[in-house]
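All values below were derived from every heavy atom in this structure, side-chain atoms included, with hydrogens, water molecules and symmetry-related copies excluded. Chain identifiers are assigned alphabetically (A, B, ...) following the order of the sequence lines, protein sequences preceding nucleic acid strands; residue numbering begins at 1 within each chain.
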Amino acid sequence: MPTENRALRTLVADDDSDIRSLMEITAIMAGLDVVSVVSDGRAALEVIERGGIELAILDVSMPEMSGLEVLASIRSSRPRTEPRVVIVSASVDAASLAAGLESGADDYVTKPFSPRRFAERLKELIEEWDA
Amino acid sequence: MTTPTWIGRLVGDSPTPGLKQIPSVAGLALALLAILFAPRAGMTDPAWGWLGILIVVVATIAAFLLPWRRMPHTWTLALPLVTMVGFGFFRVGTGGASSLFGALVILPVVWIATEEGRRYIAVAAVSACVVLQMPYLLGEASWTDGMVLRGFFSPFVYLIFAAILNDLAHRSRLQIASLSTLAEQRATLLAEAERQARDLEASEARLRESEQFNRSIWEAIVAESVIAVDLRGEVVAWNPGAERMLGHTSDETVGRSYIVDFIDAGQLVERTAEFDSSIDPINDHDHFVDLISAAREGYGDNAEWTYLHADGTKIPVQLSASPRIDQTGQVVGFIFIGTDLTQAREVNKLKDEFVGMISHELRTPLSSILGYLELIRDEAEEPLTPEQLAYLAVAERNANRLLSLVGDLLFTAQVEAGKFPLERQTVELGEIVAAAVESGRPAAERNGVNLEAELPQNPVVVDGDPTRLAQACDNLISNALKFTGRGGSVTVSLTESETEAVIAVQDTGMGIPAAEIDRLFTRFFRSSTAMRQAVQGVGLGLSITKAIVTAHHGLMGVSSVENEGTTFTIALPRPLGIRRGVEVAGNQMNEESTA
């Protein structure tokens with residue numbers, strides 16, 4: 001039921017094109033408006049800096065800048081909720097999870113993810129943010 | 001020499017009676033020669049004369065032939081006494097009181113007088129007196145001529161002579177005894193000196209060998225730095241390994257530098273401040289021992305420090321400090337053995353990077369596979385046929401298998417690297433076991449195995465990492481399902497006692513040969529039954545399960561009978577607060593457990 005949620009302007013960033021597409025499909029399944037898809041951290045940061053992005057789905061391991069570095073950079077210069085950030089990582093250990101959440105991520109998803117469940121999680125998050 | 005040598009020879013232990021008799025025999029021979037060449041000195045009464053000669057000859061033969069050594073010593077005195085009587089008869093036969101040969105008597109008198117003891121002076125004098133009176137006793141001379149006085153006067157002279165001889169002999173004996181003692185002592189001392197010389201030589205050889213051995217070891221240690229210091233930390237020995245590691249030679253450092261000169265100053269100051277901030281570790285050499293003692297107490301004998309190379313490079317070292325003891329047991333300094341950790345650190349870093357790389361590179365394609373398979377399955381507009389769905393399920397199952405294998409390999413690498421993340425929290429084991437049983441149910445149904453859970457009514461709470469504990473349960477259940485044939489059963493139970501919670505996974509499967517049970521928890525070990533039955537797996541599940549249980553301070557148990565089944569148990573310690581039903585303050589674990 002994507003129409004129930006507001007279509008947040010979303011950025012998707014991952015260096016792997018297949019995963020990038022999967023993340024984009026997932027975002028669309030969640031009713032999000034994917035306005036930008038990039039393949040490295042620096043490009044992601046540039047898009048976010050330009051403004052207008054409400055949600056960024058960032059992979060941790062990317063060339064140029066990691067997702068966590070992008071997160072740290074935007075959290076240091078903007079209000080806590082602009083934009084919302086969901087971190088996606090292939091790493092399973094607790095230290096990475098803690099690092100992600102401590103840097104100010106709104107949620108943390110590990111690969112491999114189920115597109116259906118990821119989409120449902122995104123919908124829940126949007127409801128929480130809107131509430 | 002105060003004593004005449006001949007007396008010495010006569011009184012010594014060595015002269016045999018035969019030897020002592022020789023002067024008398026020689027005297028008699030001279031007398032016989034005198035009679036032969038000077039007829040005026042001839043025999044006046046041949047019968048007495050020849051009797052005398054016969055007696056002396058018999059005594060001489062006896063002196064040489066009888067076994068005197070086996071007889072009491074005093075018996076040998078019979079020889080000079082008999083000889084003296086022989087000379088008495090000879091004197092009677094050669095002119096009686098006026099005989100030229102009366103002086104022969106003195107020869108046996110010498111023998112008797114040189115015996116040890118004053119009484120022999122009297123024996124010599126009395127016997128000489130009797131012998132010299134023989135011409136009168138045998139009626140060969142008249143008691144009334146004036147010559148009879150000679151029979152008394154001469155023995156008196158002999159008495160004095162015998163007394164002098166006896167005394168000289170006595171002194172000579174003492175001297176000989178003393179010389180003999182001295183000689184013995186000298187011989188003993190000489191033997192002792194020779195022995196000591198030999199020992200010394202052997203010790204020197206051993207010492208040289210030992211020194212050579214130590215030197216060889218000292219020179220051979222090039223991978224570790226060995227630095228010996230005195231009680232103030234001043235360098236007293238610097239091995240080739242230290243030269244290599246720190247870039248300074250032995251000549252530059254021994255007696256010129258302190259060990260603290262080669263330790264990273266910042267680290268030294270920081271660690272010293274933890275013990276005693278009043279000590280200046282770099283210049284305060286008098287407190288060096290305190291510093292070492294404190295460091296040994298705080299960081300142990302074997303701690304990581306940072307050395308400084310001559311070119312300024314910092315070298316991480318494992319530094320062991322042990323006291324240097326002298327002969328009396330006193331600590332005279334310390335020996336520092338440093339092992340360069342640079343390479344080990346690099347290897348660890350590479351390992352971490354490898355684990356990270358594997359984590360990313362293997363999981364990313366698997367993420368794509370699993371994600372897109374799900375999209376295909378969930379396609380609502382063009383639903384798949386049941387057959388296609390079944391094929392897809394096979395692909396998904398295998399992709400998941402691969403994912404789990406990657407996870408196991410990663411986890412094993414983390415365990416090995418000692419970087420095993422545990423997120424401890426209060427965990428309800430019943431939920432975890434129930435979830436694990438449910439996730440095993442599809443496989444159980446597929447394999448035709450009856451999977452049952454026996455859970456207690458009350459929650460069983462432990463302190464642990466829920467993800468890891470779930471992984472441990474999953475591993476045991478999936479193992480049991482793999483090794484149990486169609487129609488068999490797997491029972492998972494959870495029980496609790498005062499001190500622990502026990503999860504048991506019991507199957508009616510093929511069992512494990514007794515000889516293999518010890519190796520069951522070894523990485524990559526696969527039992528012979530698993531190989532025979534071609535059961536899937538790489539042999540990591542049990543080693544991972546054990547690592548998880550051990551990290552929770554728990555114990556793993558296994559009992560198995562071949563062809564009857566196996567039971568694995570996980571016993572986890574229960575938090576104190578929960579166990580007693582009361583909150584125990586001041587302990588984070590207990591506070592959490594009662595929360």
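Counting only heavy atoms from C-beta outward, the side chains of D14(A) and T364(B) never approach each other to under 4.5 Å. The shortest side-chain heavy-atom distance between L403(B) and P112(A) falls under the 4.5 Å cut-off.
If you measure heavy-atom distances from D59(A) to chain B, the contacts under 4.5 Å come from the side chain alone. Contacts between D18(A) and chain B at a heavy-atom distance below 4.5 Å involve backbone atoms as well as side-chain atoms. Both the backbone and the side chain of S21(A) come within less than 4.5 Å of a heavy atom in chain B.
Of the inter-residue distances, the one linking S61(A) atom OG with R363(B) atom CZ reads 13.0 Å to the nearest 0.5 angstrom.
Residue R397(B) places its CZ atom among more than 12 non-hydrogen atoms of other residues, nucleotides or ligands, all under 6.0 Å distant. Atom NZ of K482(B) has more than 12 heavy atoms from other residues, nucleotides or ligands within 6.0 Å.
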For L375(B) and M29(A), what are the C-alpha separation, side-chain angles and deciding distance, and is it a side chain to side chain contact (heavy atoms under 4.5 Å, CB included)?
CA-CA 11 Å; L375(B) 290 181; M29(A) 279 164 67; 4.0 Å; yes

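In terms of heavy-atom pairs under 4.5 Å with chain B, the best-connected choice from I19(A), I25(A), D16(A) is I19(A).
Applying the side-chain hydrogen bond (donor to acceptor under 3.5 Å, both in side chains) test to pairs two or more places apart or on separate chains, those with a residue in residues 369-390 of chain B are S114(A)-E374(B), R116(A)-D378(B), R377(B)-E396(B), T385(B)-Q388(B), E387(B)-Y391(B).
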